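FYI, side chains are in, hydrogens and waters are out, and symmetry mates aren't considered; it's all heavy atoms of this structure. Model, not experiment: these values are computed from the prediction. Each chain gets a letter, A, B and so on, in the order its sequence line appears, and its residues count up from 1.
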Protein chains: 2
Amino acid sequence: MSEPERARAATIFDVARLAGVSHQTVSRVLNDLPNVRPATRERVEKAIAQLRYVPSPAARALVTRRSRTIGLVVTGAHERGPSSTALHFNAAARDARYAVITASMMRTDVAELRAAAELLVRQNVEAIVLIATDRSGVDALEGVELGVPLVTVASEQRGVRHRVTLDQFAGARAAVEYLVELGHREIRHVAGPEGSMDASERARAWFQVLSDRGLVAREPMQGDWTPESGFERGRALAEQRDFTAVFVANDQMAIGVMRAFAVAGLDVPGDVSVIGFDDLPESEFLSPPLATVRQDFHGLGGDAMALVLSALGDEATPDPPLRPTELVVRGSVAPPAPHLP
Amino acid sequence: MSEPERARAATIFDVARLAGVSHQTVSRVLNDLPNVRPATRERVEKAIAQLRYVPSPAARALVTRRSRTIGLVVTGAHERGPSSTALHFNAAARDARYAVITASMMRTDVAELRAAAELLVRQNVEAIVLIATDRSGVDALEGVELGVPLVTVASEQRGVRHRVTLDQFAGARAAVEYLVELGHREIRHVAGPEGSMDASERARAWFQVLSDRGLVAREPMQGDWTPESGFERGRALAEQRDFTAVFVANDQMAIGVMRAFAVAGLDVPGDVSVIGFDDLPESEFLSPPLATVRQDFHGLGGDAMALVLSALGDEATPDPPLRPTELVVRGSVAPPAPHLP
DNA sequence: GGGTGGGGATCGGGGAGCAAG
DNA sequence: ACTTGCTCCCCGATCCCCACC
């Protein structure tokens with residue numbers, strides 16, 4: 001028994017022989033170069049079809065140093081924002097006929113991140129897209145010269161060259177302003193983890209609204225995006241009861257907070273209003289339905305791909321503006337009860 | 001102004017020169033061949049580290065005819081199961097030092113699926129992994145000869161060669177049996193969409209338990225995995241009120257169902273018990289906390305990679321068995337109220 | 001002078017054959 | 001016998017130069 005021996009794929013020479021031309025001419029046809037008579041072109045194309053010939057990507061990449069492949073590095077890949085963005089970016093890339101090599105990781109590990117990016121570069125990707133949650137992730141790649149364009153999806157500007165993002169700040173501001181307009185004066189914040197750019201944008205907006213209105217901004221509690229952490233912080237808040245509304249940095253934590261309030265006998269929104277961020281599909285169907293801020297990850301993925309194309313010079317595309325976010329008001333918010341502080 | 005001119009990456013010859021050896025020896029070190037004196041090996045490795053040298057995948061692929069790249073096709077990529085499996089598969093592949101080219105799509109479109117797979121094959125992937133939700137997705141790829149091994153993640157066997165999966169059937173059976181043992185006799189089912197293999201496995205288990213116990217299995221309602229659809233079905237159920245428990249095919253729909261019950265004034269679990277499937281991170285923190293069935297997507301991703309390696313002959317790995325699922329009992333289930341049917 | 005072919009270099013490694021320390 | 005170096009070809013394309021109709 002010999003090796004299974006996968007049938008050797010046809011080469012450019014096989015095509016040339018079958019079409020009765022030189023490999024040179026086949027190459028001209030493949031790369032759409034001029035100076036090929038239509039009749040000849042047709043003969044070659046027929047031979048290509050007949051042999052089901054596909055040029056070897058490896059050989060091509062070796063000599064041209066281009067691969068029609070994009071590297072995607074995702075941190076926080078288990079979170080909704082990054083994973084959803086990655087998904088839509090993938091689809092957008094496929095539409096533009098680019099392949100995507102993905103390296104997903106849960107956490108932001110600078111060394112791992114660099115290694116992944118360099119591996120991608122060695123794979124001859126034409127550009128790298130980084131979906132970053134943490135500042136340190138951005139710094140990790142912005143610092144090094146990769147040799148290919150880098151497009152970053154991140155909610156801070158600091159030292160970022162090509163960047164697309166959602167307007168986290170405006171979204172968070174809208175949420176907090178809404179609470180203020182309902183009459184709330186004591187508005188707490190449950191923030192995301194240290195180092196997260198989304199978390200700090202949202203916290204910054206919360207703080208600014210309160211400052212602008214002359215309201216007291218008490219030290220935010222800090223969670224790690226998980227419902228568990230929201231639950232813990234919610235328990236601590238429930239003991240204090242010195243507030244009438246909470247702006248929680250994401251829906252998952254907000255769910256934990258609401259659960260803690262329920263356990264503590266605090267009614268939402270009767271005693272306390274709660275508003276989250278992300279608009280999970282299920283947020284609308286909680287009891288009470290969770291008010292939140294909706295983000296357009298689909299558009300964001302498309303923006304990232306557009307920026308890649310512009311950076312590659314394939315098409316002229318201006319740097320996309322911040323994508324707006326949308327406040328979604330639901331049953332978890334109400335005016336403060338008159339008898340409370 | 002000259003071209004931006006990407007800094008040329010180090011080659012095997014650069015390493016050889018720095019280490020004061022021949023490229024031949026470097027190659028021997030790289031490929032772990034014998035007959036290299038430890039001292040020499042060390043010198044070479046030092047040079048490699050110093051130059052941060054990584055062999056060119058393209059050049060290597062060209063000569064070895066192996067790309068160390070795997071193609072991943074994901075359907076239902078916005079759902080928790082597929083996306084989570086894809087994430088963990090990606091990590092497992094990276095650990096095995098394989099690159100992954102991913103094609104994610106939301107829906108199962110046979111033509112699109114085939115096109116994606118063929119694109120991957122053209123990219124010289126060594127194997128294709130399909131994460132399929134629908135039967136038609138499996139059929140789409142099992143039908144064609146791709147020329148590379150195909151590993152399918154799917155919950156049905158029919159005509160699947162290499163397959164890894166979670167034991168959906170056992171998980172669903174455990175859930176329904178638990179309800180029966182609590183004393184429930186009228187147990188409804190809200191199923192997933194037509195064509196979904198997970199949905200039919202779960203519905204099949206529900207039906208079998210009821211049949212085995214001589215209980216009536218009323219026509220299941222059918223949703224599409226979304227909370228919205230769960231809400232609709234829940235409303236319909238709430239009008240009938242001829243049951244004491246509902247087994248819902250996933251947590252998202254279960255959340256919708258519970259919301260509908262809350263709106264209709266039905267208490268969970270006082271009037272009706274609800275149990276879901278998936279164990280979303282937030283399920284534990286709903287009010288009431290949602291009983292559900294937990295799945296090990298991390299292990300599943302690893303299984304898929306192991307099967308790929310065995311199919312590639314890199315390592316001898318037996319076909320992985322079904323991964324068990326785990327019933328998680330929480331506050332949304334209780335014995336039936338004595339005064340109800 | 002537009003179309004085509006021939007020959008050869010090149011990309012970055014893998015590997016064979018052989019000589020030499 | 002073991003280790004190492006040298007030389008040269010191979011993988012499959014791109015691309016350049018030059019000649020030929």
Side-chain angles (χ1 to χ4, degrees), chain A residues 5-45 47-48 51-69 118-119 121-126 147, chain B residues 3 5-45 47-48 51-69 97 121-124 126:
Chain A
E5 186 166 348
R6 282 160 57 180
R8 220 188 80 258
T11 75
I12 199 172
F13 294 97
D14 300 326
V15 176
R17 195 176 321 118
L18 180 58
V21 299
S22 72
H23 78 277
Q24 184 61 280
T25 302
V26 177
S27 179
R28 283 178 183 130
V29 170
L30 285 176
N31 298 292
D32 265 327
L33 296 180
N35 296 346
V36 178
R37 203 184 309 154
T40 311
R41 183 180 297 272
E42 207 169 317
R43 279 217 325 280
V44 171
E45 277 165 353
I48 289 176
L51 293 175
R52 313 196 74 224
Y53 164 77
V54 182
S56 149
R60 204 170 219 171
L62 184 57
V63 58
T64 62
R65 296 162 178 290
R66 311 197 55 199
S67 57
R68 246 196 137 67
T69 294
E118 275 162 18
L119 216 60
V121 170
R122 289 297 291 185
Q123 297 267 356
N124 277 322
V125 298
E126 297 183 25
Chain B
E3 288 272 312
E5 185 166 349
R6 284 158 58 172
R8 223 188 77 258
T11 75
I12 198 172
F13 294 97
D14 300 326
V15 176
R17 195 178 320 118
L18 181 58
V21 299
S22 74
H23 81 277
Q24 184 60 281
T25 301
V26 176
S27 179
R28 283 177 184 132
V29 170
L30 284 176
N31 298 291
D32 264 327
L33 296 180
N35 298 345
V36 178
R37 201 184 310 152
T40 312
R41 183 181 297 272
E42 207 169 317
R43 279 217 325 280
V44 172
E45 276 164 354
I48 289 176
L51 293 175
R52 320 195 72 220
Y53 165 76
V54 181
S56 152
R60 214 170 209 170
L62 186 56
V63 60
T64 62
R65 297 165 177 290
R66 310 199 54 198
S67 59
R68 261 201 120 65
T69 295
R97 306 192 326 138
V121 170
R122 288 191 189 342
Q123 298 269 352
N124 268 333
E126 295 183 28

Nearest heavy atoms of Val15(A) and Tyr53(A), plus distance in Å
CG2-CG, 3.6 Å

Output the rounded distance in Å from CG (Asp14(A)) to P (dC11(D)).
11 Å

Which nucleotide wins on minimum distance to the side chain of Ile12(A), given the candidates dG13(C), dA13(D), dG14(C)?
dA13(D)

Could you state the atom-to-atom distance from CZ of Phe13(A) to C1' of dG8(C) in whole Å?
11 Å

For residues 16-23 of chain B, which side-chain N or O atoms pair as donor and acceptor with protein atoms under 3.5 Å away, sequence neighbours left out?
unit_1: Ser22(B); atom_1: OG; unit_2: Gln24(B); atom_2: N; d: 3.3
unit_1: Ser22(B); atom_1: OG; unit_2: Thr25(B); atom_2: N; d: 3.3
unit_1: Ser22(B); atom_1: OG; unit_2: Thr25(B); atom_2: OG1; d: 3.4

Look at Arg60(B) and dC11(D) and indicate whether a side-chain polar atom (N or O) is within less than 4.0 Å of OP1 or OP2.
no

Under 4.0 angstrom, heavy atoms only, what part of the nucleic acid is Val36(A) near: base, sugar-phosphate, or nothing?
sugar-phosphate

Which residues share a side chain to side chain donor-acceptor pair (under 3.5 Å) with Ser27(A), sequence neighbours left out
Asn31(A)

Residues from residues 19-28 of chain A lying under 4.0 Å of DNA chain D - heavy atoms:
His23(A), Gln24(A), Ser27(A)

In whole angstroms, the gap separating P of dG21(C) from CZ of Arg37(B) amounts to 15 Å

Whole Å only: how far is the CZ atom of Arg66(B) from the P atom of dG13(C)?
18 Å

For a quick check of understanding: with a heavy-atom distance under 4.0 Å over all strands, which category does Arg41(B) fall into, base, sugar-phosphate or nothing?
nothing

Val63(B): side-chain contact (heavy atoms from CB on, under 4.5 Å) partners, not counting sequence neighbours:
none

Any salt bridge (Lys or Arg N to Asp or Glu O under 4.0 Å) pairs touching residues 18-35 of chain A, not counting sequence neighbours?
Asp32(A)-Arg41(A)

Which whole-number value in Å describes the distance from Leu62(A) CG to dT14(D) P?
12 Å

Heavy-atom pair of closest approach, residues Ala59(A) and Ser56(A):
N-OG, 3.0 Å

Which residue lies toward the 5' end of DNA chain C, Ala59(B) or Leu33(B), if each is placed at its nearest nucleotide?
Ala59(B)

Both Asn35(B) and Val63(B) contact DNA chain D. Taking the nearest nucleotide for each, which residue is further toward the 5' end?
Asn35(B)

Rounded to the nearest angstrom, tell me the gap between atom CG in Asn31(B) and atom P in dG13(C).
11 Å

Please report, rounded to the nearest Å, how far the P atom of dA13(D) is from the CG atom of Asn124(A).
16 Å

Any residue meeting side-chain contact (heavy atoms from CB on, under 4.5 Å) with Pro57(A), in chain and number order, not counting sequence neighbours:
Asn124(B)

Rounded to the nearest Å, what distance is computed from the CG atom of residue Asp32(B) to the P atom of nucleotide dG14(C)?
12 Å

For dG15(C) and Arg65(B) - does any side-chain N or O of the residue sit under 4.0 Å from the phosphate oxygens OP1/OP2?
no

What's the angle between the local helix axes at either end of the helix from dG2(C)-dC21(D) to dG21(C)-dC2(D), using five pairs per end and rounding to 10 degrees?
30°

Shortest non-hydrogen separation from Leu62(A) to Leu62(B) and the atoms involved
CD2-CD2, 3.4 Å

Mind checking what makes side chain to side chain donor-acceptor pair (under 3.5 Å) contact with Arg52(A), not counting sequence neighbours?
none

Would you say Leu30(B) and Ile12(B) make side-chain contact, with heavy atoms under 4.5 Å?
yes

